[in-house]
Engineer: 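Below are the structure tokens for one structure; questions will follow.
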Amino acid sequence: QVQLVESGGGLVQAGGSLRLSCAASGRTISGYAMGWFRQAPGKVRKFIAGISRSGGSVRYEDSVKGRFTISRDNAKNTVYLQMNSLKPEDTAVYYCAADGLGYIRSASRAYNYWGQGTQVTVSS
């Protein structure tokens, strides 16, 4: 019902910034909690940030807390992940996901819809 497309990834030096976007189509995302996950080579997909359907609540994985900011613009049907102070260990494919229950969950299996991912590479 919801199609998600991530964009904004790329190559950046350590200490730099990127803003990822997740554009939704098919239906409005206003009723969905949204999450960002990442998967590094050889590792499992991991929750890094989530936002409730209204944007009133956010949650971050400890390794990105204070550096990353998740936000949403329901009028634009888009979710963002602002990434600052990037580190080489942030290198991964980043995925956007939607959870129809409307509240933040960290388990990837809880999310109903996923984007194709966008590559973020941070050089040392």
Engineer: Less than 4.5 Å apart, side chain to side chain, heavy atoms only: is that true for Val79 and Ile70?
Structural biologist: yes
Engineer: Are any side-chain N or O atoms of Ser30 and backbone N or O atoms of Thr28, one a donor and one an acceptor, separated by less than 3.5 Å?
Structural biologist: no
Engineer: Between Val2 and Ile29, does a side chain to side chain contact (heavy atoms under 4.5 Å, CB included) hold up when you go through it step by step?
Structural biologist: CA-CA 8 Å; Val2 179; Ile29 61 168; 4.2 Å; yes
Engineer: Do Ser57 and Ile104 touch side chain to side chain, with heavy atoms closer than 4.5 Å?
Structural biologist: yes
Engineer: Show the nearest heavy-atom pair for residues Met34 and Leu4, with the distance to one decimal.
Structural biologist: CE-CD2, 4.1 Å
Engineer: Do the ring centers of Phe68 and Trp36 come within less than 6.0 Å of each other?
Structural biologist: no
Engineer: Do Val122 and Gln13 have side-chain heavy atoms sitting under 4.5 Å apart?
Structural biologist: no
Engineer: For residues 82-94, pull every pair meeting salt bridge (Lys or Arg N to Asp or Glu O under 4.0 Å), keeping only residues two or more places apart or in separate chains.
Structural biologist: Arg38-Asp90, Arg67-Asp90
Engineer: Any ring-ring contact (aromatic ring centres under 6.0 Å, His included) pairs touching residues 71-94, not counting sequence neighbours?
Structural biologist: none
Engineer: So, for Leu81 and Ala49, which heavy atoms are closest and what is the spacing to 0.1 Å?
Structural biologist: CD1-CB, 4.0 Å
Engineer: Once salt bridge (Lys or Arg N to Asp or Glu O under 4.0 Å) is applied, what residue pairs with a partner in residues 107-119 remain, sequence neighbours excluded?
Structural biologist: none
Engineer: Go through the structure and list residues passing side-chain hydrogen bond (donor to acceptor under 3.5 Å, both in side chains) with Gln82, not counting sequence neighbours.
Structural biologist: Asn84
Engineer: Can you hop from Phe37 to Val120 via hydrophobic side chains spaced under 4.5 Å?
Structural biologist: no
Engineer: Could you go through the side chain to side chain contact (heavy atoms under 4.5 Å, CB included) check for Tyr32 and Tyr111 one step at a time?
Structural biologist: CA-CA 10 Å; Tyr32 293 83; Tyr111 289 78; over 6 Å; no
Engineer: By salt bridge (charged side-chain N to carboxylate O under 4.0 Å, His left out), which residues pair with Lys46, not counting sequence neighbours?
Structural biologist: Glu61
Engineer: For residues 25-36, pull every pair meeting salt bridge (Lys or Arg N to Asp or Glu O under 4.0 Å), keeping only residues two or more places apart or in separate chains.
Structural biologist: none
Engineer: Ignoring hydrogens and geometry, is there a side-chain-to-backbone donor-acceptor pair from Asn74 to Arg53 under 3.5 Å?
Structural biologist: yes
Engineer: Checking Ser54 now: which residues fulfil side chain to side chain contact (heavy atoms under 4.5 Å, CB included) with it, not counting sequence neighbours?
Structural biologist: Ser52
Engineer: With a cutoff of under 4.5 Å between side-chain heavy atoms, which Ile, Leu, Val, Met, Phe, Trp and Tyr residues group with Tyr103?
Structural biologist: Leu101
Engineer: Got a sec, which residues hit ring-ring contact (aromatic ring centres under 6.0 Å, His included) with Tyr60, two or more places apart in sequence or on another chain?
Structural biologist: none
Engineer: Go through it in stages, so that I can follow the logic: the residues are Thr91 and Gln119, the test is side chain to side chain contact (heavy atoms under 4.5 Å, CB included), and I'd like the CA-CA distance, side-chain angles, deciding distance and then a yes or no.
Structural biologist: CA-CA 8 Å; Thr91 295; Gln119 176 71 47; 4.0 Å; yes
Engineer: Would you tabulate the side-chain donor-acceptor contacts of residues 18-25 under 3.5 Å, counting partners in other chains and residues two or more places apart, or write 'none'?
Structural biologist:
none

Engineer: Can you sort out the partners of Arg105 under salt bridge (charged side-chain N to carboxylate O under 4.0 Å, His left out), two or more places apart, ordered by chain and number?
Structural biologist: Asp99
Engineer: For Tyr95, give me all partners under ring-ring contact (aromatic ring centres under 6.0 Å, His included), at least two apart in sequence or on another chain.
Structural biologist: none
Engineer: What are the two closest heavy atoms between Gly117 and Glu6, and how far apart are they?
Structural biologist: N-OE1, 2.8 Å
Engineer: What are the two closest non-hydrogen atoms of Pro88 and Ala14, and how far apart are they?
Structural biologist: CD-CB, 4.1 Å
Engineer: List the steps and the verdict of side chain to side chain contact (heavy atoms under 4.5 Å, CB included) for Ser108 and Trp114.
Structural biologist: CA-CA 10 Å; Ser108 60; Trp114 293 84; 3.7 Å; yes
